[in-house]
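Report on one structure; see the data block that follows.
Residue numbers begin at 1 in each chain, while the letters A, B, ... track the order of the sequences. These figures come from a predicted structure and were not determined experimentally.
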Protein chains: 2
Amino acid sequence: MTALSTVPEAGPAEFPAVAEPPLHPATRLRAILDSVAAEDGSLPPLNDELVRAMRLPDDLPEPLGISEVAEITGITAHTLRYYERIGLVETDRDTSGRRVYDRDALGRIAFVTWLRLSGMPIASVSRYLSLVKAGPDTQDERLGLLLEQRAAIVAQLRDLQGALAVVDYKITTYGGACGA
Amino acid sequence: MTALSTVPEAGPAEFPAVAEPPLHPATRLRAILDSVAAEDGSLPPLNDELVRAMRLPDDLPEPLGISEVAEITGITAHTLRYYERIGLVETDRDTSGRRVYDRDALGRIAFVTWLRLSGMPIASVSRYLSLVKAGPDTQDERLGLLLEQRAAIVAQLRDLQGALAVVDYKITTYGGACGA
DNA sequence: CTAGGCCTTCGAGTGCGCTCGAAGCCAACT
DNA sequence: AGTTGGCTTCGAGCGCACTCGAAGGCCTAG
């Protein structure tokens, strides 16, 4: 188990820390993940509480507007509306037609966000959600989709570890020529 | 050090294996990485030989045509020409104007591919390469770029581990509803 | 000498995932 | 009453990274 197989978040004093660029919008999800991670960057064993915590903050004032959800999730209001337009999420409305989000709605958004963060295309997320809606006799196909995505995630982890090795090598040999 | 912090490549018999979808084109690079990985999916300690092996296969018939490079790297000939057009790589030509690739050229392509696999935008790769060409007084900026990219990679690893946890949870609870 | 195949350039098209802007509604505050 | 601010819909536009196709060159085998 080498340093390559863990996630050295703040850097084990080997490399100077760099402000993280906001590659993906899930700031809140990341923060939750960070809050449960150990010092060496590894995650605690998977259990219900952890998964629950990774999906939702505990202190939720229940009726949330779109901009509050945007702030919590890091997804812009524009994108949230876009997701709804293409049928990726459904949202309740208040009497004047505004979107209101309860705990469950936020949970669904968080789930979609995790899938998107793992590189799953919107079309596949959509397909999965429609299977869920379609009822219990779609479990086989659902499971298939999940296993496929799991494999894709593992492949990406492998790619990233390779890239990390190459970049770290470059850093330690400090700015060497690209082919060297 | 839990199962989450390693990369369970073939799956530790917990989940059935799924044929990996070709998310990214670097089939050969992936194969090289797989060949040096331990059984539990962790990578051996970083050293020169490893990094060298991750960049190039050892048995290279030296004058390579574009389609051979395409097959080795998994990058299409179209994309290789595209990379050249936008100045991402340079390539020698034979007397009749065809592209020929030697070991160094292939090494540069592999390096670029690793950066791309880590999500670095083409523009940033380009910037880095132009700094390398510009000479040794650009080392500070080069190092900055590398550190930035390192941070981006670490962030992505964290995201993927979170997504993996969520997906695995769904798999073990077998096709449960999306918000549950 | 011609056919096949792989190469060349260049420009245009594609797919994905947002991202933005215009025009308008509604509630609350001054 | 008016003004502000945040919300609504809808369609169009954008940025990235390819991806493709057309038109033609060069070399080799039959």
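The interatomic distance linking A:Met120 (CE) with C:dC18 (C1') rounds to 19 Å, in whole Å. Taking atom CG on B:Leu80 and atom P on C:dC6, their separation rounds to 17 Å, with Å as the unit. Atom CD in B:Glu71 sits about 12 Å away from atom P in C:dC6, given to the nearest Å.
A heavy atom closer than 4.0 Å to some atom of DNA chain C occurs in B:Arg85, these being the qualifying members of residues 82-90 of chain B.
Between A:Arg99 and D:dT8, a side-chain N or O to OP1/OP2 separation shorter than 4.0 Å is present. Distances shown here put a side-chain N or O of B:Arg116 below 4.0 Å from the OP1 or OP2 atom of D:dA17. Within the structure, a side-chain polar atom (N or O) of A:Arg93 is placed less than 4.0 Å from OP1 or OP2 of D:dT9. Using a 4.0 Å cut-off, some side-chain N or O of B:Ser67 falls inside it from OP1 or OP2 of C:dC7. Side-chain N/O atoms of A:Arg81 include one lying less than 4.0 angstrom from OP1 or OP2 on D:dT8.
Contact check for B:Thr73 versus B:Leu106: side-chain heavy atoms found under the 4.5 Å cut-off. Within the 4.5 Å cutoff, side-chain heavy atoms of B:Ile122 are placed close to those of B:Tyr83. Here the side chains of B:Val112 and B:Leu129 are in contact, with some heavy-atom distance below 4.5 Å.
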### Query
When you look at B:Arg93 and B:Glu84, which way does the salt bridge (charged side-chain N to carboxylate O under 4.0 Å, His left out) test go after all the steps?
CA-CA 12 Å; B:Arg93 304 303 179 104; B:Glu84 194 177 335; 2.8 Å; yes

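A cation-pi arrangement is not found for A:Lys170 relative to B:Tyr128, the charged atom failing to lie both closer than 6.0 Å to the ring centre and inside a 45° cone about the ring normal.
Across the interface with DNA chain D, nearest-nucleotide mapping of B:Pro121 and B:Arg98 shows B:Pro121 to be the residue nearer the 5′ end. Two residues, A:His78 and B:Gly65, neighbour DNA chain C, and the one matched to the more 5' nucleotide by heavy-atom proximity is B:Gly65.
B:Ser118 and B:Gln149 form a side-chain donor-acceptor contact under 3.5 Å, judged by distance and modelled atom types alone.
The nucleotide whose nearest atom lies closest to any side-chain atom of A:Ser96 is, among C:dC26, D:dT8, D:dC18, C:dC26.
Under 4.0 Å is where a charged nitrogen must lie from a carboxylate oxygen, and between B:Glu90 and B:Arg108 no such pair does.
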